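Inspection log for the structure reproduced underneath, given as structure tokens.
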Amino acid sequence: MQITAEPIIYGLIFVGVLALVEGLYLVAFGKSISLNSRVNRRLEMLDKGTGREKVLEQLRKEMQQHMKSRSIPLYSLLADRAQKAAIAFTPRQLVMIMVGVALFAFMGLTIGTQTEVPVRILASVGIGVGGVFFWVNNKAKKRMMMIEEQLPDAVELMVRSLRVGHPFSSAITIVSKEIQDPLATEFGIIADETAYGRDVGDALKEMAERLDMQDLRFLAVAVTIQQQSGGNLAEILAGLAKVIRARFRLFRRVKAITAEAKWSGKFLSGFPLVCLALIMVNDPGYYDEVMDHPYFIPACFVVGILLSLNLVVMRVLTNIKV
């Protein structure tokens with residue numbers, strides 16, 4: 001049995017696809033679309049002279065367009081994640097990118113490998129769809145983690161604004177200007193919507209449902225109840241900020257406690273594959289005598305299923321609900 005470089009080529013093409021999609025995204029929308037930008041995107045768009053109404057319209061379109069396009073074939077797989085990531089690409093553009101990177105992968109496989117054409121086509125489609133999905137999913141995870149981390153500080157900033165006499169709408173505007181993205185742009189949209197007459201409670205509720213975040217639902221409910229029954233909103237939000245921060249610390253603690261078990265599951269599933277690769281590199285003919293045995297292929301399937309079950313079981317055991 002001979003070891004070829006084709007698996008390495010497949011991996012390099014997949015990494016190249018991720019770099020290509022990220023490069024296209026930054027070229028199309030500039031560095032302001034990056035979550036690492038120090039200036040939030042909404043303010044940068046306003047500084048360029050774009051009208052407030054047009055900025056609000058564009059941002060709302062970007063944040064709502066993905067869930068409206070779930071009927072597009074294959075797009076339903078990443079519509080929810082693309083919405084949480086607030087991907088500025090339109091659904092049509094994302095589908096075109098999938099097709100483009102699939103063609104790029106097919107060209108790379110044609111040049112770098114000698115596999116059959118049907119196999120190259122199937123692998124190219126998998127790399128194109130899987131690469132874009134991986135990129136969008138990674139963007140969504142990073143963005144949601146940053147919002148969860150920023151939210152307690154944003155609520156505390158609103159509390160300080162309310163205590164010095166600002167109305168709640170002004171407190172939201174201050175948050176949209178003082179903190180960084182991604183939460184700054186989200187609150188900036190709420191500030192613009194309320195300025196044009198929308199109820200702030202409804203705007204917060206819609207944002208919470210769109211991002212599917214429990215802490216934001218708490219904020220929306222607290223504001224709505226205060227609007228209906230009155231009370232000291234600053235004290236309510238101060239208590240909510242403490243609760244959100246305590247929940248955040250608890251989630252991080254649970255994540256740290258379960259990290260060892262999660263990595264143990266990954267290690268136990270990956271170690272046999274690494275050993276197999278090392279054996280094949282050191283002694284390519286190690287399995288030649290047993291490859292023709294009738295139980296060889298079924299045994300490979302059994303091993304693969306057991307390794308996959310190990311990952312699933314460890315994930316279930318470490319998936320602690322808090």
Side-chain angles (χ1 to χ4, degrees), residues 32 35 37-47 50-53 55-60 62-64 84 86 143-253 322:
S32 65
L35 295 179
S37 177
R38 292 184 177 273
V39 180
N40 75 67
R41 185 166 178 242
R42 172 177 166 273
L43 292 181
E44 185 166 305
M45 293 170 68
L46 290 172
D47 289 340
T50 308
R52 188 176 182 182
E53 293 184 11
V55 171
L56 175 61
E57 181 181 358
Q58 180 177 345
L59 293 176
R60 289 187 65 183
E62 290 176 0
M63 293 179 178
Q64 297 174 358
K84 291 181 179 179
R143 186 169 185 268
M144 295 300 292
M145 289 177 63
M146 292 183 69
I147 290 177
E148 290 176 353
E149 187 172 353
Q150 289 177 316
L151 186 58
D153 294 333
V155 175
E156 290 178 350
L157 180 57
M158 285 189 283
V159 171
R160 292 194 293 271
S161 299
L162 291 171
R163 284 176 174 170
V164 297
H166 292 294
F168 186 64
S169 58
S170 297
I172 291 180
T173 303
I174 291 172
V175 169
S176 69
K177 294 179 179 179
E178 295 298 328
I179 64 174
Q180 296 181 4
D181 267 348
L183 196 58
T185 297
E186 292 283 352
F187 273 94
I189 292 174
I190 294 176
D192 290 341
E193 289 178 338
T194 54
Y196 289 114
R198 188 176 187 185
D199 181 73
V200 64
D202 293 339
L204 286 170
K205 183 178 179 181
E206 180 183 332
M207 181 178 70
E209 294 300 326
R210 174 163 44 82
L211 297 177
D212 191 22
M213 186 177 296
Q214 191 64 34
D215 291 336
L216 283 175
R217 292 191 181 98
F218 292 157
L219 176 61
V221 170
V223 173
T224 302
I225 292 175
Q226 191 275 337
Q227 287 179 329
Q228 296 175 354
S229 60
N232 191 333
L233 184 57
E235 295 299 326
I236 295 173
L237 294 184
L240 179 61
K242 294 179 181 179
V243 172
I244 294 175
R245 196 175 294 280
R247 279 168 51 85
F248 182 74
R249 287 198 301 264
L250 179 60
F251 289 145
R252 286 294 178 92
R253 184 175 299 176
V322 293

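As the structure is a computational prediction, the values presented were derived from the model and not from experiment.
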Discussion item. With rounding to the nearest 0.5 angstrom, report the CE to CZ distance, M145 to R252.
Written reply: 5.0 Å
Discussion item. Could you measure the distance from the CZ atom of F248 to the CD1 atom of I244? Nearest 0.5 Å is fine.
Written reply: 11.5 Å
Discussion item. I need the E148 CD to R247 CZ distance, nearest 0.5 Å.
Written reply: 9.0 Å
Fill in: R198/E206 salt bridge by N-O under 4.0 Å criterion
yes
Practice prompt. Could you grab the distance from atom CG of L240 to atom CE of M158, nearest 0.5 Å is fine?
Written response: 8.0 Å
Fill in: I147 to L183 - nearest heavy-atom pair and separation
CG2-CD1, 3.9 Å
Discussion item. According to side-chain contact (heavy atoms from CB on, under 4.5 Å), who are the partners of M144, at least two apart in sequence or on a separate chain?
Written reply: K84, L211, M213
Fill in: Any R210 side-chain heavy atom under 4.5 Å of M207 side chain
yes
Item to complete: Can you see which heavy atom on I179 is nearest to which on A154, and at what distance?
Response: CD1-CB, 4.1 Å
Discussion item. Quick check: do F168 and L237 have side-chain heavy atoms less than 4.5 Å from each other?
Written reply: yes
Worksheet, complete the sentence: Rounding to 0.5 Å, atoms CD (E193) and CG (L204) come to a distance of 9.5 Å
Worksheet item: Closest heavy-atom contact between I174 and S161?
Response: CD1-OG, 3.6 Å
Response to the item:
What one should report as the nearest heavy-atom pair of G201 and A220 is O-CB, 4.4 Å
Worksheet item: Salt bridge or not for R217 and D212, using N-O below 4.0 Å?
Response: yes
Worksheet item: Should E186 and R143 count as an ion pair when the cut-off is N to O under 4.0 Å?
Response: yes
Practice prompt. Mind listing the closest non-hydrogen atom pair of P167 and L162 along with its distance?
Written response: C-CD2, 4.0 Å
Item to complete: Would you mind checking if K242 and E156 are paired as a salt bridge, meaning a charged N to carboxylate O distance below 4.0 Å?
Response: no
Fill in: Atom of L216, atom of L151 and distance for their closest heavy-atom approach
CD2-CD1, 3.8 Å
Discussion item. Within this structure, what is the CZ-CD distance for the pair F251 and E149, rounded to the nearest 0.5 Å?
Written reply: 14.0 Å
Discussion item. Could you walk me through whether I172 and T194 satisfy the side chain to side chain contact (heavy atoms under 4.5 Å, CB included) test, starting with their C-alpha distance in whole Å, then the side-chain angles of each, then the deciding distance to 0.1 Å, before giving a yes or no?
Written reply: CA-CA 10 Å; I172 291 180; T194 54; 5.5 Å; no
